[in-house]
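Report on the structure given below.
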Amino acid sequence: MISVRRRGVSRLAAAIVASGLIAAGAIATAGPAAADEPVAGHSGAKAVLSGLKTYDGAVIHDRGRDMKVSAGLFEMNVDNGGTIQTYCIDIHNPTQKEAQYEEKSWAESSLARNGDAGKIRWILQHSYPQVNDLDALAGTAKTGTLTAKTAAAGTQVAIWRLSDKANVEAVDPQAEKLADWLEKSAQNVAEPAASLTLENPAVSGKSGDRLGPVTVRTNAASATVAPAVGNIASGVKIVDKNGQAVTSAANGAQLFFDVPAGTPDGSSAVTVTASTKVEVGRAFVSRTKSQTQILAGSSVSTVTATATANWAKKGAVPALSAEKDCVKGGLAITASNQGDEAFGFELAGVKHTIEAGKSETVTIPVKEDQSYNFTITGPNGFEKTFSGVLDCKTAGPAVPSSAPSPAGDAGDLAETGANSATPTIAGVAIALVVLGGATVFFLRRKNNSAGN
């Protein structure tokens with residue numbers, strides 16, 4: 001059985017505006033899972049926004065009004081090493097200074113319902129900085145002379161036309177010609193693969209079993225496998241499908257937690273790490289409320305993914321992972337039960353029962369831009385916390401009524417696709433959602449003795 005202890009659903013304040021490896025022996029066993037332990041499902045590159053670095057002017061036209069903005073390439077610093085370059089796919093939202101971002105699939109971003117997502121990736125593949133020979137790019141697009149700044153601006157403008165359906169044009173004539181050529185030429189291409197992710201990132205079972213499999217998916221040649229930080233060594237090992245202890249894994253490799261018979265009820269976590277380039281077109285979503293980005297260029301970066309395991313001698317043995325579902329507009333929680341008793345819970349008034357050996361995915365509805373922070377608890381001290389912000393949509397078209405901000409000021413809101421009125425607009429939007437009422441999410445322990 002599981003229950004959720006609601007820690008409170010808070011709304012974001014008005015946006016803060018910015019310039020625009022395991023050894024072949026034992027791994028960790030931490031006892032009952034704690035809320036601050038690694039959460040299964042967190043994977044890929046994580047980065048901190050540095051700011052808008054290469055840009056020029058653009059103008060947004062809406063409802064008879066114009067607003068001048070800065071348009072171009074952002075830079076982020078990847079955790080544990082490396083840098084990435086990104087373009088904005090969320091024109092009317094501002095950035096937050098030094099916002100933290102995570103690599104996500106299109107389904108977990110504002111591209112989930114965008115039929116032009118593949119065209120945006122094509123633009124990224126065929127323009128600056130992927131095409132770094134500006135003379136060649138200018139010749140192909142027949143634009144006339146391009147600089148890094150005007151090439152970045154033209155590329156961003158073309159992307160905004162597809163990501164936000166914005167009526168926007170570049171100030172520089174050559175940049176505008178590039179934007180027009182890119183928009184006209186773009187073709188739908190497939191979504192890029194994740195730099196590193198784990199399929200089935202939360203597993204469970206009984207001591208004496210191999211718990212898994214956890215399948216590695218990566219574009220790197222190989223990844224290292226290590227105990228998650230803070231776990232205590234025990235007799236638990238990470239092994240392959242043949243039972244051999246592993247220290248590295250390639251794409252498609254299956255990992256198992258080998259839990260010796262008699263091991264006390266508990267849990268463990270393992271981290272998979274790789275050095276690779278994140279593929280162009282991967283979405284980057286903020287952990288707070290900062291405009292969504294899309295990858296345009298990458299150095300070799302360090303990426304990580306975490307898997308967890310939970311075991312017990314008897315009873316229900318849950319395993320939980322979660323990811324944003326921007327198609328359904330909520331948080332999809334996958335709950336599995338490899339124990340010998342049914343695992344029951346109630347979600348938003350609907351009762352669910354997961355029989356022994358089964359799993360089920362349920363989606364908690366979350367309002368757009370709503371932050372969530374709740375904990376799911378279960379038998380034997382099991383506890384998992386999921387938190388974040390649902391940021392699945394671009395803001396609707398709205399040009400603030402105040403005077404346009406001049407482009408090119410690195411400290412100005414213009415580089416985010418907004419101006420000084422944006423925080424007010426964001427604050428009003430948040431207030432309206434709050435007045436509309438927060439969605440309450442509740443999972444409770446099923447009372448078998450009461451017949452629930």
Side-chain angles (χ1 to χ4, degrees), residues 54-62 69-74 84-92 103-193 277-285 291-298 326-327 392-395 397 417:
T54 307
Y55 56 91
D56 200 66
V59 178
I60 303 172
H61 306 288
D62 183 65
V69 297
S70 294
L73 274 171
F74 287 85
I84 58 175
Q85 293 172 299
T86 60
Y87 285 108
C88 165
I89 51 173
D90 198 2
I91 190 173
H92 293 287
E103 177 189 349
K104 295 294 183 181
S105 66
W106 290 354
E108 296 177 87
S109 76
S110 58
L111 296 176
R113 294 178 176 271
N114 191 328
D116 290 327
K119 291 184 178 181
I120 294 173
R121 190 186 182 203
W122 186 96
I123 289 172
L124 294 166
Q125 292 172 324
H126 292 81
S127 191
Y128 183 77
Q130 288 301 303
V131 179
N132 203 35
D133 185 336
L134 296 178
D135 289 338
L137 178 60
T140 301
K142 296 180 173 56
T143 62
T145 302
L146 290 170
T147 67
K149 290 183 177 182
T150 57
T155 305
Q156 177 65 90
V157 166
I159 290 171
W160 276 335
R161 292 173 182 174
L162 299 178
S163 65
D164 296 76
K165 313 307 177 189
N167 182 3
V168 58
E169 63 180 355
V171 171
D172 180 82
Q174 284 70 43
E176 175 64 12
K177 288 180 181 179
L178 176 62
D180 289 344
W181 177 79
L182 290 169
E183 182 184 15
K184 180 180 179 180
S185 303
Q187 303 173 29
N188 269 308
V189 293
E191 179 177 358
K277 284 188 176 183
V278 184
E279 289 196 28
V280 168
R282 290 292 287 177
F284 275 77
V285 177
Q291 63 181 213
T292 305
Q293 306 276 316
I294 191 165
L295 188 82
S298 173
C326 285
V327 174
C392 290
K393 300 177 182 178
T394 60

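Here the structure is a predicted model, which is why all the values come from computation and not from measurement. Numbers here are sequence positions counted from 1.
From Thr155, atom OG1 reaches atom CG of Leu178 across 5.0 Å, with rounding to the nearest 0.5 Å. Note that the OG1 atom of Thr143 and the CH2 atom of Trp181 stand 9.5 Å from one another [nearest 0.5 Å]. Atoms OG1 and NZ, on Thr292 and Lys104 in that order, are 11.5 Å from each other to the nearest 0.5 Å. Atom CH2 of Trp122 is separated from atom OG of Ser185 by 4.5 Å, given to the nearest 0.5 angstrom. Going from atom OG1 of Thr54 over to atom NZ of Lys149 covers 8.0 Å, rounded to the nearest 0.5 Å. The distance from the OH atom of Tyr128 to the CG atom of Leu134 is 6.5 Å, given to the nearest 0.5 Å.
Of the possible polar contacts, none joining the Ser127 side chain to the Leu124 backbone as a donor-acceptor pair under 3.5 Å is found.
Tested against Ser163 for a side chain to side chain contact (heavy atoms under 4.5 Å, CB included), the candidates Ile123, Ile120, Asp116 yield a single pass: Ile120.
Between Arg121 and Glu279, at least one side-chain N (NZ, or NE/NH1/NH2) sits under 4.0 Å from a carboxylate O, which counts as a salt bridge. Lys177 has no carboxylate O lying under 4.0 Å from a charged side-chain N of Asp172, or vice versa, which leaves the two without a salt bridge. We find that Lys393 and Asp90 are not joined by a salt bridge, their nearest charged nitrogen and carboxylate oxygen being 4.0 Å or further apart.
Here the side chains of Val171 and Val59 are in contact, with some heavy-atom distance below 4.5 Å. Residues Ile294 and Thr86 fail the side-chain proximity criterion, which asks for heavy atoms closer than 4.5 Å. Inter-residue side-chain proximity for Leu73 and Tyr55 is flagged as unmet; no heavy-atom pair is nearer than 4.5 Å. A 4.5 Å side-chain heavy-atom check between Ile60 and Asn167 finds every atom pair outside the cut-off. With contacts defined as side-chain heavy-atom distances shorter than 4.5 Å, the pair Asp56/Ser70 does not qualify.
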Problem set entry | Check against side chain to side chain contact (heavy atoms under 4.5 Å, CB included), Glu169 and His61 | CA-CA 8 Å; Glu169 63 180 355; His61 306 288; 3.0 Å; yes
For this session: Test side chain to side chain contact (heavy atoms under 4.5 Å, CB included) on Glu183 and Arg161 and set out the steps.
Result: CA-CA 8 Å; Glu183 182 184 15; Arg161 292 173 182 174; 3.0 Å; yes
For this session: Report the C-alpha distance between Phe74 and Gln293 in whole Å, list the side-chain angles of each, state the deciding distance to 0.1 Å, and finish with yes or no for side chain to side chain contact (heavy atoms under 4.5 Å, CB included).
Result: CA-CA 9 Å; Phe74 287 85; Gln293 306 276 316; 3.3 Å; yes
For this session: Give the C-alpha distance, both sets of side-chain angles, the deciding distance and a yes or no for side chain to side chain contact (heavy atoms under 4.5 Å, CB included) between Arg113 and Trp106.
Result: CA-CA 9 Å; Arg113 294 178 176 271; Trp106 290 354; over 6 Å; no
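Minimum interatomic distance between Pro129 and Gln85 (heavy atoms only, all atoms of both residues): CG-OE1, 3.5 Å. When every heavy atom of Ala283 is checked against every heavy atom of Ser105, the shortest pair comes out as CB-O, 4.4 Å. Here the closest non-hydrogen pair linking Ala170 and Val157 is N-CG2, 3.9 Å. Residues Ala179 and Gly154 share a closest heavy-atom pair of CB-O, 3.3 Å. Taking each heavy atom of Asn114 and Lys165 in turn, the nearest pair found is OD1-NZ, 3.7 Å. Of all heavy-atom pairs between Ala175 and Leu146, the closest is N-CD2, 4.3 Å.
Side-chain N/O atoms of Glu176 and Gln174 include no donor and acceptor closer than 3.5 Å.
Take Arg282 and apply the salt bridge (Lys or Arg N to Asp or Glu O under 4.0 Å) test, not counting sequence neighbours, and it matches Glu103, Glu191.
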